[in-house]
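Dropping the structure in here first, questions after.
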Amino acid sequence: MTLLNVLIDFARTGRIGPLNCGMSLAEAEDLLGPGRPHPAHIMKGPDIDGYPYSWGGLQLVVTQRAVSGIWVNLWPGSTAKLPPLVLPDSESFEATVLREELTTALDTAGCHHEVNPVLTFGAQSSIITRPAEVCAVFSLPGRNHHVPHRDRHYLDVIHKHTA
């Protein structure tokens, strides 16, 4: 399994393996192991809503102790880490995904996507998949991103959240 396979499956289904919005945080931690809670959870307790628990590049946003959002954060030009449940047999992976690479793979997989006008502005662009409503956000590389093409858009984050 490659990172691109994980991203395409997520874009098509809104799930990452058995992880899905609506499951309890306890169920997610049973699958992934204990997450690293956002400092707000540590300061205000486990009932504070809207802050993520992290497992490397994977973040689960928690509302009322249930998963309300799934985020895969990438750092173009570097390597990142995802839990083995998400990307088996990979300690770390190349985190550079061009916009054209992802959209072509989505087209090949038959996954409908359209421009997300809410998150498309300036040097940033975004798409949303249908019917899973997974959002991918792309941007031009920053100074600290070591990428071969400084004028092309790279995937920064792909996420899904419930209303």
Side-chain angles (χ1 to χ4, degrees), residues 1-76 78-93 95 97 99 102-103 105-106 109-122 124-139 142 154-163:
M1 170 141 336
T2 68
L3 173 63
L4 196 54
N5 295 128
V6 170
L7 299 177
I8 298 305
D9 191 47
F10 181 36
R12 290 177 65 222
T13 66
R15 302 172 63 103
I16 294 184
L19 301 173
N20 63 82
C21 290
M23 73 186 311
S24 72
L25 175 61
E27 291 173 294
E29 287 190 313
D30 284 346
L31 295 167
L32 295 165
R36 186 174 44 104
H38 187 276
H41 286 287
I42 296 167
M43 288 175 32
K44 299 197 178 214
D47 290 325
I48 188 166
D49 289 340
Y51 292 93
Y53 281 73
S54 300
W55 291 263
L58 173 71
Q59 291 185 331
L60 300 180
V61 178
V62 177
T63 304
Q64 297 180 356
R65 296 190 185 213
V67 174
S68 58
I70 301 172
W71 294 65
V72 176
N73 295 299
L74 301 175
W75 299 269
S78 67
T79 57
K81 184 176 182 178
L82 288 173
L85 177 75
V86 175
L87 191 59
D89 303 322
S90 178
E91 242 342 93
S92 61
F93 59 91
V97 179
R99 177 177 55 194
L102 182 63
T103 57
L106 290 171
C111 181
H112 178 74
H113 55 91
E114 54 196 48
V115 171
N116 180 358
V118 174
L119 294 176
T120 298
F121 52 84
Q124 175 176 298
S125 67
S126 177
I127 60 170
I128 191 156
T129 65
R130 302 286 185 220
E133 296 189 7
V134 172
C135 177
V137 180
F138 308 89
S139 66
Y154 291 88
L155 181 62
D156 286 323
V157 63
I158 186 167
H159 64 91
K160 176 177 178 67
H161 62 88
T162 56

Quick one: side chain to side chain donor-acceptor pair (under 3.5 Å) partners of Ser24, sequence neighbours excluded? Glu27
Show the numbers, then the answer: is there a side-chain contact (heavy atoms from CB on, under 4.5 Å) between Phe138 and Ile127? CA-CA 9 Å; Phe138 308 89; Ile127 60 170; 3.9 Å; yes
Taking everything shown except Glu114 itself, do over 12 heavy atoms lie less than 6.0 Å from its CD? yes
Should Val115 and Ser125 be marked as a side-chain contact (heavy atoms from CB on, under 4.5 Å) after you check the CA-CA gap, both sets of side-chain angles, and the distance that decides it? CA-CA 8 Å; Val115 171; Ser125 67; over 6 Å; no
Using the test ring-ring contact (aromatic ring centres under 6.0 Å, His included), find all partners of Trp71 that sit at least two apart in sequence or belong to another chain. His159
By ring-ring contact (aromatic ring centres under 6.0 Å, His included), which residues pair with Tyr53, not counting sequence neighbours? His41
Leu32 versus Leu60: any side-chain heavy-atom pair under 4.5 Å? yes
Would you say CZ of Phe93 has more than 12 non-hydrogen atoms from neighbouring residues, nucleotides or ligands within 6.0 angstrom? yes
With the side chain counted from C-beta on, respond yes when Asp156 and Gln124 share a heavy-atom pair under 4.5 Å apart, and no when they do not. no
Has the side chain of Thr129 got a donor or acceptor atom that lies under 3.5 Å from a matching backbone atom of Ala11? yes
Looking at every non-hydrogen atom in both residues, tell me the closest pair between Cys21 and Thr162 and how far apart they are. CB-CG2, 3.5 Å
Minimum side-chain heavy-atom gap Thr2-Leu7 below 4.5 Å: no
Please report the interatomic distance CD1(Ile16) to CG(Leu87), rounded to the nearest 0.5 Å. 10.0 Å
Which residues share a side chain to side chain contact (heavy atoms under 4.5 Å, CB included) with Ala66, sequence neighbours left out: none
Which heavy atom of Ala28 sits nearest to which heavy atom of Val67, and what is that distance? CB-CG2, 4.3 Å
Is the shortest side-chain heavy-atom distance between Ile48 and Val62 below 4.5 Å? no
Within a strict 4.5 Å, meaning less than it, do heavy atoms of the Gln59 and Ser54 side chains meet? yes
Closest non-hydrogen atom pair between Gly14 and Ala132, with its separation: N-CB, 3.6 Å
Qualifying residues under side chain to side chain donor-acceptor pair (under 3.5 Å), relative to Asn20, sequence neighbours excluded: none
Measure across Trp55 and Pro34 and return the closest heavy-atom pair with its distance rounded to 0.1 Å. NE1-O, 3.4 Å
Is the count of non-hydrogen atoms from other residues, nucleotides or ligands lying under 6.0 Å from Arg36 atom CZ greater than 12? no
The complete set of side chain to side chain donor-acceptor pair (under 3.5 Å) pairs with one or both residues in residues 10-19, sequence neighbours excluded, reads none
Could you walk me through whether Leu3 and Leu74 pass side-chain contact (heavy atoms from CB on, under 4.5 Å), step by step? CA-CA 11 Å; Leu3 173 63; Leu74 301 175; 4.2 Å; yes
Calculate, to the nearest 0.5 Å, the distance between atoms OG and CZ belonging to Ser139 and Arg99 respectively. 10.5 Å
Test side-chain contact (heavy atoms from CB on, under 4.5 Å) applied to Val72 and Val157, Leu82, Val134, Val86, the passing residue: Leu82
List the steps, then state whether side-chain contact (heavy atoms from CB on, under 4.5 Å) holds for Leu58 with Leu19. CA-CA 11 Å; Leu58 173 71; Leu19 301 173; 3.9 Å; yes
Minimum heavy-atom distance between Ala136 and Ser126, given as atom pair plus value: O-OG, 3.0 Å
Could you pull out the closest heavy-atom pair between Glu133 and Lys160, with the gap in Å? O-CG, 4.0 Å
Rounded to the nearest 0.5 Å, what separates atom CG in Leu106 from atom NE2 in His112? 11.0 Å
How about Pro18 and Leu85: do any of their side-chain heavy atoms sit closer than 4.5 Å? yes
